[in-house]
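Worksheet: the structure to be examined is printed underneath.
Any value given below was found using the heavy atoms of this structure, including those in side chains, with hydrogens, waters and symmetry copies removed. Just so you know, ligand 1 is whichever comes first in the structure, and atom 1 is the first atom listed for that ligand.
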Amino acid sequence: MFIQPIASHFIDGAYVEDDNGTPIEVIYPATGTIIGRVYSATPAIIERAVESAKRAQIGWAKLSGTERGRVLRRAADIIRERNYDLSVLETYDTGKPLSETLCADATSAADALEYFGGLAGSLTGEYIPLADGNWAYTRREALGLCVGIGAWNYPMQIACWKGAPALACGNAMIFKPSETTPMCALKVAEILVEAGLPPGLYNVVQGAGDVGAALVSDPRVDKVSLTGSVPTGRKVYASAAAGMKHVTMELGGKSPLIIFDDADLDNCVSGAILANFYSTGQICSNGTRVFVQSGIKDAFLKRLCERLDLAVIGDPQDEATNFGPMASERQLELVLGFIKKGKEEGARLVTGGNRISGEGYYIQPTVFADVSDNMTIAREEIFGPVMSVLDFEDEAEVIIRANATEFGLAAGIFTADISRAHRVIDELQSGTCFINSYNDAPVEVPFGGVKMSGVGRENSKEAISHYSQLKSVFVRMNDMESPF
Ligand code: NAD
């Protein structure tokens, strides 16, 4: 199987190749075999991408929002029509099971294009009446050239969660996918052009951190939106700050999921499974510190193990599979390292814990119990299918422990007590919270973190403020007064 994209980059409305760049092999995580090759962007490619985006953005911003939105909504329709083929591609890119990609990736990308396409025509400023008949108005204007940099876990979704609001507001975007998953964003670019997007407005360039860094530091770039780890976020934020650029940072997490004694057992087990094993645990908002109140702990662990036995691990392209491999060998090794640390530091391995023999980067769904707050597996983001179960006794205690982390992306609570649910959520230092649920991410709802987990929000009307800026215009209706 070889799925070679037409070329590595998509610039100014067309595929572009430059094989002077460093080769990047595309590896199918289910087999470990090379299925494609792209080349990292050379300085000449970056220059073409920036130059065409800057040129195209001027005319795009002059269209009405309704005209811009029409293009995005058309692209959403095309993505939905091709959901099956795009999902197969996403599965080759990431190794995520087709049963997931069919409902969570291209569809989520289409939702973003449809939602921001719908909002584009409603972006307006304000009329502000002032004293003496004077007044002011505001104009919501595009930022200019936005750079999007993606992680490897949701390549098509990330390409659109950044691209859709940027384009809706009249910006151009250069998107750099993760070097681990270079293929899906090219399809997004191709479909946008097919939907009528003028050339240059959504360019895709390939490469690793060096290409990302070159884009972020380019003085012609006005905004940077990164989805990635905290260490990368620190570097990108610092570089963007030097040029006083706007930023959105969607970074890592070690989110708490709190299960009280009175929670419905099957619902909280389902929540914990979704919060730890969907996408083989490679989700930034995962609730990987599962705090379980002592009264429900034994029943929770028993039912959890019964349910994990039902996981269908295998060929991700088989729709019956619901648990796939890790996205890369590197990620597999990292996760195995965390499991080893968990054992060494005294956590009790309840289930899993091993690599699955055979080809591909498969690892068992893994649960540790009796985890204490200071263990490495309770403090550091693992980004793999490893759940840490921590015991707790009362509400006040669990709030303090849940907040005792540098991260603040997400948090969840399962309880039958509605007052307690809101009381606890009020106290949690997290940007994206769930009550009797976990990891829902509809486009209408702001998504993002606090503390080290990020800056800004994606999705929802809130994203508009991160891809546009206000111009205030004061209008005097009477004569000027001046001291001289
Ligand atoms: P990463 O930080 O290694 O890389 C992210 C992206 O940044 C890649 O495209 C990479 O090439 C690029 N990059 C690396 N160094 C750079 C630099 N100096 N300048 C510019 N770009 C640079 O992250 P990853 O391993 O690809 O993804 C996993 C991480 O992403 C996890 O920490 C996860 O929590 C996080 N993530 C966050 C969200 C969110 O929305 N909050 C979503 C998905 C993943």
Checklist entry - Should E114 and R73 count as an ion pair when the cut-off is N to O under 4.0 Å? => result no
Item to check | Ion pair D18/R48, N-O distance below 4.0 Å | outcome: no
Item to check | Name of the residue among P5, P155, P177 meeting side chain to side chain contact (heavy atoms under 4.5 Å, CB included) with L186 | outcome: P5
Next on the checklist: Could you work out, with side-chain contact (heavy atoms from CB on, under 4.5 Å) as the rule, every residue matching I78, not counting sequence neighbours?
Outcome noted: R82, I191, E194, A195
Checklist entry - Are F383 and W152 near enough that their ring centres are under 6.0 Å apart? => result yes
Checklist entry - Between W161 and F447, does the ring centroid distance fall short of 6.0 Å? => result yes
If you look at each N/O of ligand 1, which protein N/O atoms lie under 3.5 Å away, and at what distance?
unit_1	atom_1	unit_2	atom_2	d
ligand 1	2 (O)	S229	N	2.8
ligand 1	2 (O)	S229	OG	2.7
ligand 1	2 (O)	T232	OG1	2.6
ligand 1	9 (O)	G150	O	2.7
ligand 1	9 (O)	K176	NZ	3.0
ligand 1	11 (O)	K176	NZ	3.0
ligand 1	11 (O)	E179	OE1	2.7
ligand 1	19 (N)	A213	N	3.4
ligand 1	25 (O)	W152	NE1	2.9
ligand 1	26 (O)	W152	NE1	3.2
ligand 1	30 (O)	G228	O	3.3
ligand 1	32 (O)	E381	OE1	2.6
ligand 1	34 (O)	E381	OE1	3.4
ligand 1	34 (O)	E381	OE2	2.5
ligand 1	41 (N)	E250	OE1	3.4
ligand 1	41 (N)	L251	N	3.3
ligand 1	41 (N)	L251	O	2.8

